[in-house]
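These notes concern the structure reproduced below.
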Amino acid sequence: KNMSSSELRSAFLDFFRQRGHSIQPSSSLVPGNDPTLLFTNAGMVQFKDVFLGREHRDYTRAATSQRCVRAGGKHNDLENVGYTARHHTFFEMLGNFSFGDYFKQDAIHLAWDFLTKELGIPAEKLWVTVFDEDSEAEKIWLEDVGADPKRFSRIGSKDNFWAMGDIGPCGPCSEIFYDHGESIPGGPPGSPDEDGDRFIEIWNLVFMQYDRDSEGNLHALPKPSVDTGMGLERIAAVMQGVHSNYEIDLFQGLLKAAAKLAGIKDLNKSSLRVIADHIRSCAFLIVDGVLPSNEGRGYVLRRIIRRAIRHGYRLGIREVFFYQLVAPLVEQMGEAYPELKNAQEQVERVLKKEEERFAETLEQGMKILEACVAKLEGSTIPGNIVFQLYDTYGFPVDLTADFAREHQLTIDHAGFETEMAEQRNRARAASSFGADYNQTLKLDGQTEFTGYQYLEDSTKII
Ligand code: ATP
Ligand code: MG
Ligand code: MG
Ligand code: MG
């Protein structure tokens with residue numbers, strides 16, 4: 001049966017409400033009081049302390065549709081956007097949770113019933129995986145549910161041991177995939193070519209059993225719990241009979257609006273998909289109080305905005321355009337997220353200002369980059385060019401790397417690092433106090449993010 005994304009969201013929440021779950025609203029993309037986490041990257045984030053037994057709620061079962069961003073930190077899909085049919089920087093995660101209430105048995109049955117009975121997906125289209133040491137889950141699937149052993153695999157900890165971050169709640173998991181059919185390249189989970197888009201993971205059931213400390217030791221949680229997450233866009237693609245998330249209802253308005261701004265007809269261009277993806281993460285990050293800046297969360301936002309603008313440039317757009325996609329986004333999602341609708345003007349203002357600022361240097365920077373590529377010997381963009389673009393033209397390193405990848409090139413990260421270090425030394429020498437450059441940054445009170453992956457990417461700037 002064909003279902004719209006909003007029908008699916010309601011169907012999911014209703015199904016779990018009828019089964020004793022308390023429906024909770026999505027929390028902010030900026031995790032409250034959790035400096036270990038960059039953005040809310042899963043439905044369980046708002047319940048982290050409940051899993052840890054530090055906080056008590058008046059319910060033991062909950063379900064949500066949670067807005068998530070995966071653009072930095074442990075779960076980072078920024079580099080997948082535009083390249084796979086299934087990854088976004090922003091997506092909605094449907095989830096049901098048990099806080100010491102039901103465990104594996106019920107979690108597996110609930111998920112299977114929702115997919116095969118409520119949504120009517122044929123069992124032959126599904127594929128199930130378990131953690132290879134979890135014979136209990138395997139038994140439930142094969143003996144109780146009656147899953148087909150030919151469409152079943154045991155997977156190691158890379159994919160089937162889920163953790164929110166390096167520290168915190170975690171546990172073995174069991175994942176459900178949908179087979180989009182032979183016409184799509186890609187092998188089943190666990191096979192060498194599993195990274196294609198044929199078998200798409202739709203739902204992850206995490207059996208929350210441990211709390212990992214900063215030394216990497218696992219401690220048993222007070223009560224075994226359940227955390228599940230299903231990507232709304234992925235299940236919508238299944239129910240709408242399309243093989244890419246970008247073809248679902250939620251993206252149509254955005255793609256069309258972006259294509260119109262670019263004056264093109266072909267909605268399948270990867271740059272259009274990148275732009276349609278990025279407007280969602282950027283708008284919702286601003287709604288949740290993040291502003292473009294040169295550090296921390298704000299710098300992640302700035303990088304996503306600038307990537308989107310560069311993709312607009314790639315499509316031939318030469319005007320300030322990105323903020324104009326807020327209106328079609330509000331049209332698509334304003335009902336489900338009134339906070340987006342209420343903040344529309346502010347979001348537009350912030351995006352417009354950021355784009356105007358970047359527009360001053362984008363074209364010059366692009367000319368330098370294009371000239372460099374035209375006369376490049378070898379396949380690596382030199383570190384001094386990457387640095388010049390970064391330092392003078394406001395090109396985040398990942399933006400230059402994104403351009404390089406389109407041209408089957410790479411960038412010289414080490415060379416860039418050397419240039420950065422030299423600049424830091426110059427800044428230190430020039431300071432009349434002889435102050436350490438990093439100390440100066442600390443005065444901003446933004447130090448809680450040091451050590452994240454995007455800082456290791458050398459994205460910290462003056
Ligand atoms: P994948 O292996 O496809 O990258 P994942 O294992 O990293 O997904 P989980 O952390 O298990 O994803 O998240 C739970 C569910 O959220 C996934 O099963 C999927 O449906 C959805 N999901 C995860 N990442 C994304 C994303 N970047 N864009 C859209 N949906 C996503
Ligand atoms: Mg992933
Ligand atoms: Mg996975
Ligand atoms: Mg998963």
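None of these values were measured; they are calculated from a predicted model. Indexing begins at 1, ligand by ligand and atom by atom, following the structure's order.
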Taking the six-membered ring of Phe114, is NZ or CZ of Arg19 closer than 6.0 Å to its centre and within 45° of its axis?
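The answer is no; the distance or angle limit is not met.
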Do any side-chain atoms of residues 280-292 form donor-acceptor pairs under 3.5 angstrom with protein atoms, and if so which ones, sequence neighbours left out?
unit_1 : atom_1 : unit_2 : atom_2 : d
Arg280 : NH2    : Phe90  : O      : 3.2
Arg280 : NH2    : Glu233 : OE2    : 2.8
Ser281 : OG     : Thr89  : OG1    : 2.8
Ser281 : OG     : His278 : O      : 3.2
Asp288 : OD1    : Arg67  : NH2    : 2.9
Asp288 : OD2    : Leu29  : N      : 2.7
Asp288 : OD2    : Arg67  : NE     : 3.0
Asp288 : OD2    : Arg67  : NH2    : 3.4

Hey, is Glu79 close enough to Arg307 for a salt bridge, meaning N to O under 4.0 Å?
yes
Under 3.5 Å, is there a donor on one side chain and an acceptor on the other for Gln66 and Ser27?
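Side chains of Gln66 and Ser27: pair found under 3.5 Å.
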Quick one, Glu92 and Tyr337 - any side-chain contact, counting heavy atoms below 4.5 Å?
yes
Expected output: side-chain Ser98 to main-chain Phe103 donor-acceptor under 3.5 Å
no
How about the Mg ion (ligand 3), which protein N, O or S atoms come within less than 2.8 Å?
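Listed by chain and number, the atoms are Glu201 OE1.
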